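Structure, as structure tokens:
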Amino acid sequence: MNEADSENIAATFRRRGYSVTDDIKKADAVVVNTCTVRQRAEDKAISQIGRLRLWKENKPEGKLFVVGCAAQKLGTKYLKSRFPFINEVVGARAIEHFEDALEAQYGPAEAAIEASHRNLFRSPQTAYVTIMRGCSLKCSYCIVPAVRGPASFIPATEILEDARAKLAAGAKELVLLGQTVNSWRRDGATFSELLREVLRLPGLGRLRFMSPHPLYFDEDFTALLAREKKLARHLHLPVQSGSDRILKAMRRGYSRAQYLDLLARLRAAAPDLAVSTDFIVGYPGETEADSRDTLSLVKEGRFSLAYCFKYSPRTDKPGMKASIGEAEMEARLEKLLAAVRENSRVVLNERIGKIEKVLFETETYGRASGNFAVRVKAGGIPGKISAVLVDGAEKNTLNGKLI
Ligand code: 5AD
Ligand code: SF4
């Protein structure tokens with residue numbers, strides 16, 4: 001979500017004739033897009049802003065914008081009093097209206113400039129399309145609903161217009177985005193119906209979405225997944241824990257068995273589906289036994305990849321402090337990371353001898369439908385989807401030959 005917001009912010013600058021630079025000394029403006037999902041993210045944002053004091057001293061006319069979730073949480077008053085050199089604070093809830101902050105600093109825009117653009121995070125053939133903002137669930141550990149507010153769904157017409165424009169500008173692959181992306185519903189239309197509309201757009205080679213929540217997949221979706229080969233054979237489906245007790249305390253709304261049952265249904269529809277996930281380690285009250293349940297789920301879920309996070313308290317509510325010490329937290333994380341690494345190796349090796357449809361970003365590198373990084377010696381055409389016979393795997397990459 002933050003990457004997509006950063007792309008949109010960069011676009012508002014480009015329309016005023018600015019371009020993006022990696023060299024801070026050359027920058028006339030700096031935008032710090034912040035995250036607060038874990039305390040560490042917030043701390044990093046704060047120290048990044050602190051480091052910009054020097055830049056601002058050397059370039060007093062430079063403009064500093066602090067935006068996003070940590071900006072929303074900490075507030076303009078706090079940030080401007082601690083860092084008086086900030087020009088504008090734009091919280092996550094107002095980030096679609098970043099243009100207003102530009103106007104406050106530079107005055108109204110003259111005629112918009114058509115500028116060639118490069119993606120900041122993804123290759124040019126991939127574009128993000130935000131379809132919802134906020135979240136209406138109440139996972140106990142999560143700060144997102146408080147910071148970004150309840151779910152709001154963008155109308156289908158706007159989504160399709162955005163998607164069409166990005167395809168016309170050369171994107172081959174779209175990534176629909178939202179905190180609980182598959183909960184999208186608007187004007188009587190469901191998420192699967194929206195997918196069908198997007199899948200019909202000319203120029204689309206592949207469709208992804210991120211991140212779905214297990215509660216919102218229905219039979220209509222599984223049927224669509226089975227039929228529509230342009231739907232990526234990959235889902236990032238955060239599970240958070242393998243222990244029923246912890247899942248319940250987290251208020252995730254499903255049990256381990258229900259999650260696994262969903263995976264089985266999805267894989268029955270798309271046998272080559274790759275599934276990645278998120279885990280939180282050391283949730284309050286997590287016992288050795290709970291953490292073993294998480295370890296065993298890694299294998300049972302056959303996850304291609306898993307992001308593992310140490311629990312970070314985001315509230316002062318009683319009972320929400322971590323109940324294990326830092327050393328134990330580290331030890332559980334290390335064990336989980338090792339299990340994930342080993343499992344990813346197995347899942348990747350299963351692809352050897354198979355044919356993957358790869359969207360190339362360079363002549364030698366691209367991404368498979370299952371989201372695996374793929375390398376070939378030569379011959380890939382950037383922006384084209386080609387078949388690759390996989391003949392090896394290392395780390396998180398498949399190696400193969402174009403066929
Ligand atoms: N502590 C640790 N990890 C968290 N996440 C969300 N909130 C917290 C927290 N308080 C993780 C979840 C989520 C991912 C985006 O961040 O795993 O899926
Ligand atoms: Fe947070 Fe995701 Fe749960 Fe919403 S669904 S509360 S964003 S973890």
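Worth saying up front: this structure is predicted, and the values here are computed from it rather than measured. Both ligands and their constituent atoms are indexed starting at 1 by order of listing.
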Exercise. So, the side chain of W184 versus the backbone of L194: is there a donor-acceptor pair under 3.5 Å, distance only?
Worked result: no
Exercise. Where does the angle between the aromatic ring planes of F221 and F209 fall among parallel (under 30°), tilted (30 to 60°) and perpendicular (over 60°)?
Worked result: perpendicular
Exercise. Between F303 and Y259, how do the two ring planes meet: parallel, tilted or perpendicular, split at 30° and 60°?
Worked result: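 The rings of F303 and Y259 sit tilted, inter-plane angle from 30° to 60°.
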For this session: Return the protein residues near ligand 1 (heavy atom under 4.0 Å from any of its atoms), ordered by chain and residue number.
Result: V37, R38, Y141, P238, Q240, D278, I280, F309, K310, Y311, S312, R314
Exercise. Which pairs with one or both residues in residues 234-257 pass salt bridge (Lys or Arg N to Asp or Glu O under 4.0 Å), sequence neighbours excluded?
Worked result: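 Those involving residues 234-257 are R245-D290, R256-E300.
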Problem set entry | Contact atoms of ligand 2, heavy-atom distance to T180 under 4.0 Å |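 Listed by number with element, the hits are 5 (S).
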Determine whether the aromatic ring centres of residues [Y] and [X] are separated by less than 6.0 angstrom.
X	Y	result
F121	Y128	no
Y141	F309	no
Y254	F217	no

Please table the atom pairs, donor to acceptor, closer than 3.5 Å between any side-chain atom in residues 379-393 and protein atoms at least two apart or in another chain.
| from | atom 1 | to | atom 2 | distance (Å) |
| --- | --- | --- | --- | --- |
| D391 | OD2 | K401 | NZ | 2.9 |

For this session: Using 2.8 Å as the cut-off, note every protein N, O or S atom close to atom 1 (Fe) of ligand 2.
Result: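 Under 2.8 Å from atom 1 (Fe) of ligand 2 - ignoring waters, which are not counted - the protein N, O or S atoms are C142 SG.
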For this session: Would you indicate whether E103, at its atom CD, is surrounded by more than 12 heavy atoms from other residues, nucleotides or ligands within a distance under 6.0 Å?
Result: yes
Problem set entry | E173 and T126 side chains, donor-acceptor separation under 3.5 Å |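 Indeed, the side chains of T126 and E173 share at least one donor-acceptor pair under 3.5 Å.
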Exercise. Does R252 have a non-hydrogen atom less than 4.0 Å from ligand 2?
Worked result: yes
